[in-house]
Number of protein chains: 2
Amino acid sequence: MTAKSMTRAAFFVLTALADQPRHGYGILRETEELSGGEVHLRVGTLYGVLDRLTADGLIVLDREEVQQGRLRRYYRLTDDGVAALDAEAERMAAGAGAARRRIAEGRRAAARPAAQDPAGLEPPTAPGLAGGFA
Amino acid sequence: MTAKSMTRAAFFVLTALADQPRHGYGILRETEELSGGEVHLRVGTLYGVLDRLTADGLIVLDREEVQQGRLRRYYRLTDDGVAALDAEAERMAAGAGAARRRIAEGRRAAARPAAQDPAGLEPPTAPGLAGGFA
DNA sequence: TCGATATATATCGGCGCTCGATATATCCTG
DNA sequence: CAGGATATATCGAGCGCCGATATATATCGA
């Protein structure tokens, strides 16, 4: 829809991998912790995402370790992955900004109908000016 | 996944309606224009989203007009819709910020001369500082 | 005047993605 | 020794988005 924007799950996985390589289960925990429990990636979602991101060249298998009898498969971002995540972050920030500006616009419009706004209730909140989503 | 976050299409529709009531086709054009052509909501997506948002109480039918023989069905945000959009904007801004901070962290780590710290499993967990996604 | 394009609504099948359940295996704690 | 955390992986169900399709009017250029 947005030309080429990733799914939310993919975004969270890339974000979890942005600072250092991690293995699947580690991505799950990191995402949860990082978001204060807000975001909870499901196991059933993770591995499909990992495969897709690998196929798309946004992540690569970094190494495999065996810790205490358990296999750990570490992934890391590729340069394309970093670029994709960065681009997505920009789209999100732009979208959030656009939404907020328009909400403020709507509030101003709703306050307008009556004569003049009684000072003190709704601060002008500054003009939206430029910038759509992008 | 994120407790309760809306789909992208829903977000764009709510954003298009945030400043004033619009009709379906108007939402399509507004979204496209507002984003500089980046976002292109599809007709096949729109009406389903409109129905879902109405069912969820985030938008309501504002009025119906007949302009030059063509029916126009205008929708507007409810208070819940404004709140939901605002909350989503905050999640997006927070997510974008988190992603960017982590990318910067990864760059710093990569630039650091390999002092190699095999350490083991739990990376210092370090500062993290403020803010995850929320 | 005819065809293409824009406006404006709506539906439907296909498909991709997420979820929940399920499976397997090891280690730690009570 | 049972239960939970760690760690991987798969699969069916269901939902949401896309593209195609349908219907109807107005406008503009050939």
Side-chain angles (χ1 to χ4, degrees), chain A residues 1-14 16-17 21-33 35 37-56 58-59 61-75 88, chain B residues 1-14 16-17 21-33 37-56 58-59 61-75 88 120-123 125:
Chain A
M1 168 203 305
T2 333
K4 46 177 180 51
S5 71
M6 62 191 66
T7 65
R8 257 194 255 279
F11 171 77
F12 292 133
V13 169
L14 292 184
L17 293 176
R22 291 176 195 279
H23 63 281
Y25 198 80
I27 294 174
L28 259 32
R29 280 190 285 94
E30 176 65 15
T31 302
E32 182 124 25
E33 185 186 321
S35 68
E38 275 277 297
V39 182
H40 184 64
L41 262 184
R42 310 302 171 130
V43 194
T45 305
L46 178 69
Y47 295 97
V49 173
L50 248 24
D51 289 344
R52 236 173 300 134
L53 290 176
T54 300
D56 292 348
L58 301 187
I59 64 174
L61 183 61
D62 186 67
R63 67 188 189 277
E64 287 183 337
E65 287 180 4
V66 176
Q67 296 284 334
Q68 295 151 330
R70 298 191 199 93
L71 174 65
R72 286 182 171 183
R73 193 164 283 138
Y74 285 78
Y75 292 89
E88 183 68 12
Chain B
M1 166 203 306
T2 333
K4 46 175 179 56
S5 72
M6 63 191 65
T7 64
R8 255 192 256 277
F11 171 77
F12 291 135
V13 169
L14 291 184
L17 292 177
R22 292 176 196 279
H23 63 282
Y25 198 79
I27 293 172
L28 259 33
R29 280 191 284 94
E30 177 65 15
T31 302
E32 182 124 24
E33 185 186 323
E38 275 277 296
V39 182
H40 184 65
L41 263 183
R42 309 305 169 130
V43 194
T45 306
L46 178 68
Y47 295 97
V49 173
L50 248 22
D51 289 345
R52 235 174 301 134
L53 290 176
T54 299
D56 291 348
L58 302 186
I59 63 174
L61 183 60
D62 186 66
R63 68 188 189 278
E64 288 183 337
E65 287 179 7
V66 176
Q67 295 284 333
Q68 295 150 330
R70 297 190 201 94
L71 174 67
R72 286 181 172 183
R73 192 164 281 135
Y74 285 79
Y75 293 88
E88 182 69 12
L121 10 168
E122 292 315 315
T125 320

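Letters A, B, ... mirror the listed sequences (proteins, then strands); counts begin at 1. No hydrogens, no waters, no symmetry mates; every other heavy atom, side chains included, goes into these values.
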**Message:** I need the OH-P distance between B:Y47 and C:dT11, as an integer number of Å.
**Reply:** 10 Å
**Asked** Between D:dT8 atom C1' and A:E65 atom CD, what is the distance in whole Å?
**Response** 15 Å
**Prompt:** What are the two closest non-hydrogen atoms of A:A16 and A:R22, and how far apart are they?
**Reply:** O-NE, 2.8 Å
**Message:** With a 4.5 Å cut-off on side-chain heavy atoms, are B:L61 and B:Y75 touching?
**Reply:** yes
**Prompt:** Tell me: CD1 of A:I27 to P of D:dA7, nearest whole Å?
**Reply:** 12 Å
**Request:** Let me know the distance between CG of A:D56 and C1' of C:dC17, rounded to the nearest Å.
**Result:** 13 Å
**Asked** Tell me: CG of A:L71 to P of D:dA9, nearest whole Å?
**Response** 7 Å
**Item:** Where B:L53 and B:A10 come nearest, the two heavy atoms and their spacing
**Value:** CD2-CB, 4.1 Å
**Item:** Whole-Å distance separating the CD atom of B:Q68 from the C1' atom of D:dT27
**Value:** 10 Å
**Asked** How long is the gap from NE2 on B:H23 to CD on B:E30, to the nearest 0.5 Å?
**Response** 11.0 Å
**Message:** Generate the contact string for nucleotides 14-21 of chain D. Rules: B means base contact, S means sugar-phosphate contact only, - means no protein heavy atom under 4.0 Å.
**Reply:** --SSBBB-
**Asked** Quick one: on DNA chain C, does B:R70 or B:Y75 contact a more 5' nucleotide (nearest heavy atom)?
**Response** B:R70
**Item:** Assigned partner base of C:dG13, Watson-Crick or wobble definition, under 3.5 Å
**Value:** D:dC18
**Message:** For D:dA30, give the paired nucleotide (Watson-Crick: N1-N3 plus N6-O4 or O6-N4; G-U: N1-O2 and O6-N3; both under 3.5 Å), or none.
**Reply:** C:dT1
**Message:** Within the structure provided, determine whether B:L50 and B:I27 are in side-chain contact (heavy-atom separation under 4.5 Å).
**Reply:** yes
**Closest non-hydrogen atom pair, B:L46 against B:Y25** = CD2-N, 4.4 Å
**Prompt:** Taking NE2 from A:H23 and P from D:dT6, how many angstroms apart are they, rounded to a whole number?
**Reply:** 9 Å
**Prompt:** Which atom names give the shortest non-hydrogen contact between A:P21 and A:L17, and what distance separates them?
**Reply:** C-CD2, 4.4 Å
**Request:** Take atom CD of A:Q67 and atom P of D:dT8, then tell me their distance rounded to the nearest Å.
**Result:** 12 Å
